[in-house]
**Q** 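A single structure is presented below for examination.
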Amino acid sequence: IVVTGSNDHLWKMWALPDGNIIMTGEGHTDWLSGCCFHPSGSQLVTSGGDTTVRIWDFSKRGCILTLEGHAHAVWDCSWHSCGDFVASASMDNTSKIWDVNSERCRYTMCGHKDSVNSIEFLPFSSTVLTSSADKTLSLWDART
């Protein structure tokens, strides 16, 4: 399975090797920048230029949650291995940890001096790694 974004604000999920489109998602109002499968494979999280993070459910064939709170475009997103939390990295120099169950931001991580370009959870851990246009990597404890 391959997921691609495009300038028309749609993402498409393709089956390999036949190349058939499995699902198309529409909802972001600006370009798409990142996507990540839920650990169970049942959902997808996407990030985009519209400052939002969206969660898509394959069985419902659509967006089930829009997370808002960044001031600028969101470059990247990632699921925690437990599947209950999503991390996002933004041009607003912050990254956020979102609680999917309560549908709110749990933590905002500030400290980079430029755009946060990527984010990833260490598997089975509360440690988060971010990379920034300020030429630094940071490790964060998402609990503090």
Side-chain angles (χ1 to χ4, degrees), residues 1-112 114-133 137-144:
I1 294 177
V2 174
V3 178
T4 61
S6 65
N7 289 334
D8 58 6
H9 320 303
L10 296 172
W11 60 264
K12 295 177 182 172
M13 187 179 304
W14 307 82
L16 294 177
D18 59 12
N20 293 328
I21 294 176
I22 299 171
M23 186 175 164
T24 300
E26 182 175 7
H28 283 283
T29 58
D30 209 336
W31 44 267
L32 298 172
S33 56
C35 63
C36 184
F37 285 107
H38 186 278
S40 71
S42 63
Q43 295 177 335
L44 182 76
V45 63
T46 59
S47 54
D50 61 3
T51 75
T52 68
V53 175
R54 292 180 181 262
I55 298 176
W56 308 83
D57 188 280
F58 299 137
S59 66
K60 295 180 178 162
R61 302 194 61 78
C63 179
I64 59 167
L65 180 60
T66 301
L67 301 168
E68 299 177 288
H70 282 291
H72 297 289
V74 182
W75 283 123
D76 195 23
C77 53
S78 178
W79 283 101
H80 185 274
S81 52
C82 74
D84 292 330
F85 300 97
V86 166
S88 59
S90 174
M91 283 181 70
D92 64 11
N93 304 358
T94 70
S95 49
K96 294 183 180 288
I97 305 296
W98 305 89
D99 183 329
V100 176
N101 297 315
S102 68
E103 302 181 4
R104 67 182 184 91
C105 177
R106 288 293 276 278
Y107 308 105
T108 299
M109 297 174 287
C110 302
H112 283 294
D114 206 340
S115 174
V116 184
N117 298 332
S118 67
I119 192 161
E120 188 69 39
F121 282 101
L122 180 67
F124 309 104
S125 165
S126 62
T127 302
V128 179
L129 174 67
T130 56
S131 66
S132 172
L137 298 172
S138 293
L139 286 171
W140 309 82
D141 184 340
R143 298 171 298 181
T144 59

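All heavy atoms count here, side chains included; hydrogens, waters and symmetry mates do not.
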**Q** Could you report the tightest heavy-atom contact between His70 and Trp98, atom names first, then the distance?
**A** CD2-CZ2, 4.2 Å

**Q** Report the residues that fulfil ring pair (Phe, Tyr, Trp, His ring centres under 6.0 Å) with Phe121, sequence neighbours left out, ordered by chain and then residue number.
**A** His80

**Q** What do the steps show when you test Phe37 against Phe58 for side-chain contact (heavy atoms from CB on, under 4.5 Å), and what is the final call?
**A** CA-CA 11 Å; Phe37 285 107; Phe58 299 137; 3.7 Å; yes

**Q** Give, for atom CE of Met91 and atom CG of Asp114, the distance between the pair rounded to the nearest 0.5 Å.
**A** 8.5 Å

**Q** Out of curiosity, Thr130 OG1 to Asn93 CG, how far, rounded to the nearest 0.5 Å?
**A** 11.0 Å

**Q** Please round to the nearest 0.5 Å and tell me the distance separating atom OG of Ser131 and atom CG of Leu137.
**A** 6.0 Å

**Q** Would you say Thr66 and Thr52 are linked by a side-chain donor-acceptor pair, where the criterion is simply a distance under 3.5 Å?
**A** no

**Q** How long is the span from the OG1 atom in Thr94 to the CD1 atom in Ile119, to the nearest 0.5 Å?
**A** 9.0 Å

**Q** Identify the heavy atoms of Thr29 and Asp50 that sit nearest to each other, and give their distance.
**A** N-OD2, 2.9 Å

**Q** Go through the structure and list residues passing side chain to side chain donor-acceptor pair (under 3.5 Å) with Trp79, not counting sequence neighbours.
**A** none

**Q** So how far is it from Trp75 CH2 to Ser33 OG, rounded to the nearest 0.5 Å?
**A** 7.0 Å

**Q** Search all heavy atoms of Ala89 against all heavy atoms of Asn117 and return the closest pair with its distance.
**A** CB-C, 4.3 Å

**Q** Are the side chain of Ser90 and the backbone of His72 linked by a donor-acceptor contact shorter than 3.5 Å?
**A** yes

**Q** To the nearest 0.5 Å, what is the distance between OG on Ser95 and CH2 on Trp140?
**A** 5.5 Å

**Q** Would you find a donor on one side and an acceptor on the other, under 3.5 Å apart, between the side chain of Ser132 and the backbone of Ser115?
**A** yes

**Q** Return the set of residues passing side chain to side chain donor-acceptor pair (under 3.5 Å) with Thr51 (not counting sequence neighbours), or none when no residue passes.
**A** none

**Q** With Arg104, which residues qualify under side chain to side chain donor-acceptor pair (under 3.5 Å), at least two apart?
**A** none

**Q** What pairs meet the salt bridge (charged side-chain N to carboxylate O under 4.0 Å, His left out) rule with one or both residues in residues 81-96, with sequence neighbours excluded?
**A** none

**Q** List the atom of Thr46, the atom of Trp56, and the distance in Å for their closest heavy-atom pair.
**A** OG1-NE1, 2.8 Å

**Q** Quick check: closest heavy atoms across Cys77 and Cys36, and the distance to 0.1 Å?
**A** O-CB, 3.8 Å

**Q** Can you name the residues that form a side chain to side chain donor-acceptor pair (under 3.5 Å) with Ser40, not counting sequence neighbours?
**A** His38, Ser42

**Q** Can you name the nearest heavy-atom pair linking Ser47 to His28, along with the distance?
**A** C-CE1, 3.9 Å

